[in-house]
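Take a look at the structure set out below.
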Amino acid sequence: MKIAVAKGDGIGPEIMEAVMTIFNANGVQLEYEYVDMGKWVFDKGYSNGMTPEAQETIERLGILFKGPMETPKGKGVKSVNVTARKTWNTYANKRVFQTLHGVDTVFSKAGITIDITIVRENIEDTYGGIEHMLTHDVALSRRFITRPGSLQVIKYAFEMARKKNARRITCGHKSNIMKITDGLFLECFHEVAKEYPEIKADDVIVDDLCMKLVTRPDLFDVIVLTNLQGDIVSDLCAGLVGGLGFAPSANIGDHICIFEAVHGTAPDIAGRNIANPTALLLSGITMLRHLGLMQNAADIENALLYTLETGNHTGDFGDKGTASLNTTDFAQAIINNFGKKPEKGAKPDLPNKPVTPTNFQLLKNPLIMTREMQDEVIVGVDLFIESELQPKEVADKCLKHTLGLFKLVTISNRGTQVWPTGSIFTNLVNQFRCRFESIGDAAVTQTDIIELYKRIATEFKICSSELLNMWGDKKAYSLAQGQ
Ligand code: NAI
């Protein structure tokens, strides 16, 4: 079996070297094809941070094991870590946070055992990075939550929970505020949950979830979240088990999977051979299991757990009263402990059953669609305009141009209604949303809307627009605060 390996930047090469030494010493039957990705590839002029050869190799082999990579600052380039996850549709980001004996935390000292798996949606949300300055004062980020994307990651989470014999799966969300986007994610969660009646499925608002995680983390098992909320909650969980040095991550897709640590390149300690390789090693162990190399995974994990349990540590954790090991010596300590079992949490011996890699030759981009809309009617438009006028003055100008087809329903500023009713105390910025709906909710055409757009453009700069659709009797848009 062959996999692609990218060493990464900063501490990346040091911790990758440590992990590879452990793999080789354990006789892991994998071949490695090293690929060029990361900061120095950006510096060579590849704007996505990887060479075309690297892309070809990863797409051919289907597995990428990677060290952390730096995103050059001030060059306007996007993170190669995020690009890789999105380009290859690794829609589920699985992060396991477990109590590691020998790694002291508030909870381990209190005898509370943590075993939480976070499944974070990995492609969508604000990570689309679709952002615009609408005026000099107003920035807008688009947040995509899609039904196919949500179903993909939620189904993965339930399948994983079933395999893990999980007692509970929880959806973290903020659908009380983001009723349409997080509402869609939550709807998909409860839809999928019906197919898994044996698993207790519940949902918790994300702020409440954070509070509960830091007070009773042992009550949680599998948690599925949208991308940004998942990112934040998983770092919180890393803190619960001892920090980023212990947080592995697997990016799972149907064709390509990426295994990496949660932490970054740690530039403050790079090149000093003192970084903790545990998170990358745990990611590598997850990869071995994914490839069916169960015995290697168990051997290495047991040796790692034994090494931690017996008090060996790098400088970022452990008993400050005992000398810390450098990266190389920590890896060697793990190798020396092959064959030993930890007192707590030992992994069972299972035989290797290598997974035969599937040759994915895609001829066109897969389109994922879950339902077709039959009864969609356009009933209006939101026009986002730039103006320094007061709401009443904006309304007066808009009302001159409604073409006998539209009514001006509401004007809002940063989502809060300021016309026809509102408060003088609502601060304004120089961008308003003017909502035009058809008279009597009759259907209007895109041509009608373009005509309206042309008229309003004679009064204001229109920064952007959104159609207002009705699906049967359901509004496919939210109301303004106070509308
Ligand atoms: P970071 O995770 O690199 O460092 C945060 C702190 O944790 C630092 O004090 C660092 O020394 C410590 N730390 C991290 N990993 C450690 C380890 N294995 N052993 C011991 N200490 C460790 O986060 P930061 O500083 O925000 O990011 C640095 C760079 O990494 C940035 O360019 C960022 O874009 C990139 N990054 C890359 C990621 C990836 O490749 N998936 C993820 C996160 C950040």
Side-chain angles (χ1 to χ4, degrees), residues 4-19 22 35-43 48-50 54 58 64-88 90 93-95 100 103 118 120 122-123 127 129 227-228 230-232 234-239 241-252 257-284 286-287 304 308 312-318 320 324-331 334:
V5 177
K7 292 182 181 173
D9 303 312
I11 59 168
E14 301 160 45
I15 54 174
M16 186 59 83
E17 171 77 31
V19 172
I22 295 168
V35 293
D36 297 334
M37 295 173 81
K39 182 178 179 304
W40 66 275
V41 182
F42 279 115
D43 292 345
N48 63 355
M50 65 178 108
I58 295 160
L64 171 64
F65 186 36
K66 69 177 277 295
M69 292 172 192
E70 183 182 332
T71 308
K73 291 196 182 77
K75 293 193 175 171
V77 294
K78 300 218 173 183
S79 156
V80 63
N81 308 304
V82 179
T83 302
R85 291 171 206 157
K86 283 173 24 182
T87 307
W88 295 311
T90 62
N93 183 214
K94 177 184 154 195
R95 297 175 171 187
L100 294 165
V103 182
I118 302 269
R120 162 191 172 198
N122 217 15
I123 311 282
Y127 285 65
N227 203 340
L228 178 61
D231 195 9
I232 297 165
S234 50
D235 269 26
L236 182 153
C237 289
V241 296
L244 285 177
F246 301 95
S249 142
N251 301 282
I252 307 288
C257 297
I258 304 171
F259 298 86
E260 61 181 339
V262 171
H263 64 71
T265 60
D268 49 336
I269 56 167
R272 293 165 55 195
N273 194 31
I274 58 169
N276 179 0
T278 306
L280 188 64
L281 183 60
L282 287 169
S283 312
T286 310
M287 177 181 72
L304 167 68
L308 295 170
N312 295 287
H313 63 95
T314 46
D316 55 315
F317 75 101
K320 297 289 171 210
S324 57
L325 299 178
N326 66 26
T327 312
T328 316
D329 291 344
F330 187 73
I334 296 171

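No experiment lies behind these values; they were computed from the predicted model shown. Scope of the values below: all heavy atoms of this structure, side chains included, with no hydrogens, waters or symmetry mates. As the structure lists them, so they are numbered: ligands from 1, and atoms in each ligand from 1.
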| query | Just wondering, are more than 12 heavy atoms of other shown residues or ligands nearer than 6.0 Å to NZ in K320? | reply | yes
| K7 atom NZ: more than 12 heavy-atom contacts under 6.0 Å | no
| task | Please say which of L280, I118, V262 ends up in a side chain to side chain contact (heavy atoms under 4.5 Å, CB included) with S249. | result | V262
| said: Can you list everything that forms a salt bridge (Lys or Arg N to Asp or Glu O under 4.0 Å) with D329? Sequence neighbours excluded, please. | reply: none
Name each N or O atom in ligand 1 that is under 3.5 Å from a protein N or O, and give the partner atom and the distance.
from     : atom 1 : to   : atom 2 : distance (Å)
ligand 1 : 2 (O)  : G264 : N      : 2.7
ligand 1 : 3 (O)  : G264 : N      : 3.4
ligand 1 : 3 (O)  : T265 : N      : 3.2
ligand 1 : 3 (O)  : A266 : N      : 2.7
ligand 1 : 9 (O)  : D268 : OD2    : 3.0
ligand 1 : 11 (O) : D268 : OD1    : 2.8
ligand 1 : 11 (O) : D268 : OD2    : 3.0
ligand 1 : 15 (N) : H263 : ND1    : 3.4
ligand 1 : 18 (N) : H263 : NE2    : 3.2
ligand 1 : 18 (N) : N276 : O      : 2.9
ligand 1 : 19 (N) : N276 : N      : 3.0
ligand 1 : 30 (O) : T265 : N      : 3.0
ligand 1 : 30 (O) : T265 : OG1    : 3.3
ligand 1 : 40 (O) : M69  : N      : 2.9
ligand 1 : 40 (O) : N81  : OD1    : 2.9
ligand 1 : 40 (O) : N81  : ND2    : 3.1
ligand 1 : 41 (N) : E260 : OE1    : 3.2

| field | Point-to-point distance, once rounded to the nearest 0.5 Å, from CD1 of I232 to CZ of R120 | value | 9.5 Å
| request: Hey, could you give me the CE/NZ distance between M37 and K66, rounded to the nearest 0.5 Å? | output: 6.5 Å
